[in-house]
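Worth saying up front: this structure is predicted, and the values here are computed from it rather than measured. Here is the naming used below: chain letters follow the sequence lines, and residue numbers restart at 1 for every chain.
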2 protein chains.
Amino acid sequence: MLEQAVLNLSSDDTTLSRKQVAMRERESELLDIACGIVAREGFAQLNMDKVAAASPYSKGTIYNHFNSKEDLFAALAIQALGKKIPLFKRALDFEGTSREKLIAMHTGMHLFSKLSPILAMCALVSRTPAVTEKSAPERLEKLNALEELVVSFGDKFIELGQRSGDLTLAPGITSDSIVFANWAMAFGTSSLVNNATQSSCVSRQLSTNIVLQNLNFLLDGMHWAPLSCDFDYQKTWERAEKDLYGKEIALLESQS
Amino acid sequence: MLEQAVLNLSSDDTTLSRKQVAMRERESELLDIACGIVAREGFAQLNMDKVAAASPYSKGTIYNHFNSKEDLFAALAIQALGKKIPLFKRALDFEGTSREKLIAMHTGMHLFSKLSPILAMCALVSRTPAVTEKSAPERLEKLNALEELVVSFGDKFIELGQRSGDLTLAPGITSDSIVFANWAMAFGTSSLVNNATQSSCVSRQLSTNIVLQNLNFLLDGMHWAPLSCDFDYQKTWERAEKDLYGKEIALLESQS
DNA sequence: ACCTGAACACCGTTCAAGT
DNA sequence: ACCTGAACACCGTTCAAGT
């Protein structure tokens, strides 16, 4: 219910006026246009004129949706999260141990950042002062609400781990600690893999599954059983790609 | 020697023309001015006019130093790294095991981000597409060279770990993997602690040493002895604050 | 050779007029 | 009530003139 409210996917869409629905559709249309411009010309080349010109609407209407350029970035970050969450959820039903489910979730996130690199980048950029200082407070609230939702999903993986006995929280460690550590590792790995490719310690490892490697360090450190020395999580990763995200993989391959 | 070249701290400063020295001094003067504006008004309020107005120089001269606003951010990131590296180095001589030295280094990084939050933020912002797309290639090269230097220091901690027998690299794990995992974790933790404070899983833990906690997960996962269950690394952290970074701590406390 | 600041250009943002 | 796009304003960037 929280989720429905946050995602605005509730079935009482019918109670929304036609205008509100149209508004939302147009917003996502504009976001797609913005993404296209970034894809073709880069982040630095995105501006509101181009968005307006590439859309059937005028500048004024654009500003009816986003009260600044930064607000547009925050909206893109929200769209990114909205697309990530369903991938996230799928991993809960992945066949395997609790740790395998969690790894499958990270597989999904990684796939997302390969499938929608621009949206994924927006999620990172939205945690940047220029954006947080200038986008609409309501927008940031929504972004935070969505992130809370992601955290609450993270909690579910941890519950599964605890219930199955695969994970025991050491004294002083809370569910929040575990979620945050996963988030921080995923965020850091993703930021650096995307924006620090010139660094030797990144480029020399491009062939290895760097995300899984970092994740295994982390989960081993949490004593989340089975440990990576006793289990082939690379297989889990590949299985998740095939079983959970086959459609997304096919899309990726059709693009290249 | 690599380091001297990169940091431009070589003793043949005397061979540099007076002009070059003046240029470098003025650049750091301008960077300090920019930091001051950000501190007082925020990132979004920084512009080149204000930098010029707050300095004894004209806009044209500012553009003699930085060929775009983004280039100025990259320069700030370089300044940040230049200030971090000495803190980094100090940790190599910290009294304790190899893991304690590494933790002490993270203590230093964390202190730096508390002592110079704006510079630390610039280091994060510099890994953002707007900046990488628009700053001068030579500037980015220098940034990368400095980061290589940091990586090479990271390697030294790992060498110490291996030589002492505290750390054994599992098959398929390289020194780069370990450095990258540390970097990613530090980067992610720092980004989120600074820019996602509204999130419940961050805010609920503000009282705990979240950086050390994440680091302990990671290092335990690497089997870097002694493990956190056998050793009180919070004490190490506090000892590093006192013994290695006492001066910086004093500065912090005098500010608040 | 370098510095200056007026001028320019781009683009974010607004708003009076239109529908 | 909402859309439009011309107008405005801010600010990044340049360059002719000055020293």
Enquirer: Between Ser200(B) and Arg204(B), do the side chains contain an N or O donor and an N or O acceptor separated by less than 3.5 Å?
Expert: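 On atom types as modelled, these side chains qualify, holding a pair under 3.5 Å.
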Enquirer: For dC2(D), give its Watson-Crick or G-U wobble partner with both distances under 3.5 Å, or none.
Expert: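 Base-paired to dG18(C).
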Enquirer: Provide the Watson-Crick or G-U wobble partner of dC8(C), both distances under 3.5 Å; none if there is no partner.
Expert: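 When the pairing criteria are applied, dG12(D) turns out to be the nucleotide that pairs with dC8(C).
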Enquirer: With no hydrogens and no angle check, just 3.5 Å: does a side-chain donor-acceptor pair link His106(B) and Asn182(B)?
Expert: yes
Enquirer: Run the salt-bridge test on Glu248(B) and Lys83(B) with the 4.0 Å N-O cut-off and return the result as yes or no.
Expert: no
Enquirer: State, without any angle test, whether Gln213(A) and Ser177(B) hold a side-chain donor-acceptor pair at a distance under 3.5 Å.
Expert: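 Side chains of Gln213(A) and Ser177(B): pair found under 3.5 Å.
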Enquirer: At under 4.0 Å between heavy atoms, which parts of nucleotides 1-15 of chain C does protein reach? Answer with one letter per nucleotide, 5' to 3': B base, S sugar-phosphate only, - none.
Expert: --SBB-----SBBB-
Enquirer: Suppose we screen for side chain to side chain contact (heavy atoms under 4.5 Å, CB included). Which residues come up paired with Ile249(B), at least two apart in sequence or across chains?
Expert: Leu111(B), Glu241(B), Glu253(B)
